[in-house]
Number of protein chains: 2
Amino acid sequence: MERVEEYLEAIYDIQTKERRIVKTSDLAKKLDVKPSSVTEMLLKLSEMGYIDYQPYYGVFLSEKGEVLAKRIKRYHRIFETFFRDFLKIEENEAHRLSCELEHHVTDEVAEKVCGVIASESCKICEECDFRISRLSEAEPGKYEVIISPTAASGIGIVPGAILEVKEDGSVDIKGEAYLLSEKISSKVILEQVV
Amino acid sequence: MERVEEYLEAIYDIQTKERRIVKTSDLAKKLDVKPSSVTEMLLKLSEMGYIDYQPYYGVFLSEKGEVLAKRIKRYHRIFETFFRDFLKIEENEAHRLSCELEHHVTDEVAEKVCGVIASESCKICEECDFRISRLSEAEPGKYEVIISPTAASGIGIVPGAILEVKEDGSVDIKGEAYLLSEKISSKVILEQVV
DNA sequence: TTTAAATTTTAGATTAGACTAAAAATGTGG
DNA sequence: CCACATTTTTAGTCTAATCTAAAATTTAAA
């Protein structure tokens with residue numbers, strides 16, 4: 001199934017970027033396999049109803065194939081952003097890991113991760129509209145802690161806790177005012193309390 | 001390679017928990033494959049120098065095999081903790097994902113993830129020693145301030161500041177020595193500087 | 001429009017990791 | 001200590017995804 005999804009993604013990419021029928025040779029190049037291997041897989045994908053395949057001519061995704069490809073690509077983007085921007089993992093490595101994970105993730109997990117990286121300007125996907133932000137970027141106001149690094153638990157910043165961000169950037173929690181390093185505050189995810 | 005690592009982990013688990021030679025049937029049961037499949041893999045692992053295998057008797061990990069098994073298991077623990085405790089992903093799902101990731105992760109990534117979940121009492125592994133503690137409990141040494149109550153900012157205790165805890169419990173910051181009340185010092189979170 | 005070049009498909013082989021069935025080795029109860 | 005049960009290994013198949021080499025088809029050039 002993993003390889004199936006990789007082929008579908010590749011078809012989707014070419015189809016979307018170049019806006020044309022995808023040829024066997026395109027896929028062979030993109031996936032770094034021989035054309036004969038591609039042909040075989042295309043027969044299988046066609047069999048499964050993911051693509052429309054006409055020998056010697058080319059392929060394009062069916063409705064079903066596009067839905068799947070898009071889902072996988074969304075998972076990929078979410079994880080890549082998470083690794084790169086949130087965990088500060090090096091770009092290529094972030095990509096490599098995401099390529100693995102995208103095939104094993106569930107929607108539930110994707111939503112959680114999405115929540116972590118979400119901010120007012122979530123560029124990852126239109127699907128999720130979280131009113132969630134990082135503490136480091138939060139406007140003054142009252143919030144509930146959604147996710148927090150354990151390092152911050154000592155002062156009471158744990159999931160479920162209510163805190164208030166002040167005008168001066170300090171944070172009130174349990175009646176005490178704190179200043180937090182960027183390193184920590186960027187890892188505290190909040191949801192606004194109304 | 002992925003399957004190789006899974007076999008090594010299984011051997012490690014049994015060997016460690018039961019403190020005995022691992023039998024073909026143990027692995028067949030644990031990995032849910034037929035004994036004949038196990039035998040085949042054991043020959044391969046032996047060939048690769050990961051195990052000591054004596055037909056009809058059993059196997060145990062070689063030095064090399066144990067090093068690898070331990071590394072993979074550490075990666076697994078780190079990710080499982082991360083998914084379960086930090087992202088609040090459901091237990092089984094966290095486990096399943098970690099089983100995948102453990103084979104694809106680099107040391108750099110593991111360290112980063114470890115940093116996010118680290119706390120005073122990191123139970124994940126002895127290998128990564130992140131030293132995060134409250135000022136009130138800190139051993140003598142140099143530290144960077146991660147979180148601080150605003151009440152302490154007057155003397156320069158703000159996130160990013162470097163301070164030194166002395167033998168007598170006093171705190172040096174910006175060339176001045178201070179004594180802090182428990183009330184304050186328990187709210188200052190530090191990371192040891194090396 | 002015919003022929004050469006490029007692309008694609010088919011046919012058959014290979015590899016890793018599993019399987020089944022049968023043979024070999026080990027362990028056990030009378 | 002021997003016959004039978006259990007465990008393990010060997011031998012031979014199977015499947016998914018790849019490969020190479022050869023055949024078929026399409027494209028492009030003269």
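Note on naming: letters A, B, ... go to the chains in the order of the sequence lines (proteins, then strands), and numbering restarts at 1 for each one. Quick caveat, the model's predicted, so the values are computed rather than measured.
No side-chain heavy atom of V171(B) sits less than 4.5 Å from a side-chain heavy atom of E164(B). Annotation: side chain of E102(B) is not in contact with side chain of E5(B) (no heavy-atom distance under 4.5 Å).
Spacing between atom OH of Y57(A) and atom C1' of dT27(D) amounts to 15 Å, rounded to whole angstrom units. For the pair D26(B) CG and dT6(D) P, the interatomic distance rounds to 17 Å; values are reported in whole Å. For the pair E40(A) CD and dA11(C) C1', the computed distance is 10 Å after rounding to whole Å. Atoms CE (M41(A)) and C1' (dT9(C)) sit 17 Å apart, rounded to a whole Å. Summarising the geometry, the separation between CD on E2(B) and C1' on dA16(D) is reported as 16 Å, rounded to the nearest angstrom. When the P atom of dT8(D) is taken as reference, atom CG of L42(B) falls 10 Å away, rounded to whole Å. For the pair I21(B) CD1 and dT26(C) P, the interatomic distance rounds to 15 Å; values are reported in whole Å. The separation between L27(A) atom CG and dT7(C) atom P is 15 Å, rounded to whole Å.
For DNA chain D, the neighbouring residues in residues 46-55 of chain B, judged by any heavy atom under 4.0 Å, are Y53(B), P55(B).
Counting only residues at least two apart or in different chains, side-chain hydrogen bond (donor to acceptor under 3.5 Å, both in side chains) contacts with residues 176-190 of chain B comprise E176(A)-K187(B). The side-chain hydrogen bond (donor to acceptor under 3.5 Å, both in side chains) pairs that include a residue from residues 21-32 of chain B are D13(B)-K30(B), R20(B)-D26(B), where partners are two or more places apart or lie in different chains.
When hydrophobic side chains of Ile, Leu, Val, Met, Phe, Trp and Tyr are connected at separations under 4.5 Å, I72(A) ends up clustered with M1(A), V4(A), Y7(A), L8(A), I11(A), Y12(A), I14(A), V22(A), L27(A), L31(A), V33(A), V38(A), M41(A), L42(A), L43(A), L45(A), M48(A), Y50(A), I51(A), Y53(A), V59(A), L61(A), L68(A). When hydrophobic residues (I, L, V, M, F, W, Y) are linked wherever their side-chain heavy atoms come within less than 4.5 Å, the members clustered with Y57(B) are I21(B), F60(B).
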Protein N or O to nucleotides 20-23 of chain C N or O, pairs below 3.5 Å:
unit_1, atom_1, unit_2, atom_2, d
dT20(C), O4, S36(B), OG, 2.9

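In this structure, the side-chain contact (heavy atoms from CB on, under 4.5 Å) partners of S98(B), at least two apart in sequence or on a different chain, are H76(B), F79(B), E80(B), F83(B). H104(A) meets the ring-ring contact (aromatic ring centres under 6.0 Å, His included) test with no other residue; sequence neighbours excluded. For K174(B), there are no side-chain contact (heavy atoms from CB on, under 4.5 Å) partners at least two apart in sequence or on another chain.
Nearest to the side-chain atoms of K23(A) among the listed nucleotides dT8(C), dT9(D), dT10(C) stands dT8(C). Looking at the side chain of P35(B), the nearest of the listed nucleotides dT9(D), dG12(D), dT8(C) is dT9(D).
Heavy atoms of S25(A) sit under 4.0 angstrom from primed sugar atoms or phosphate atoms, though from no base atom.
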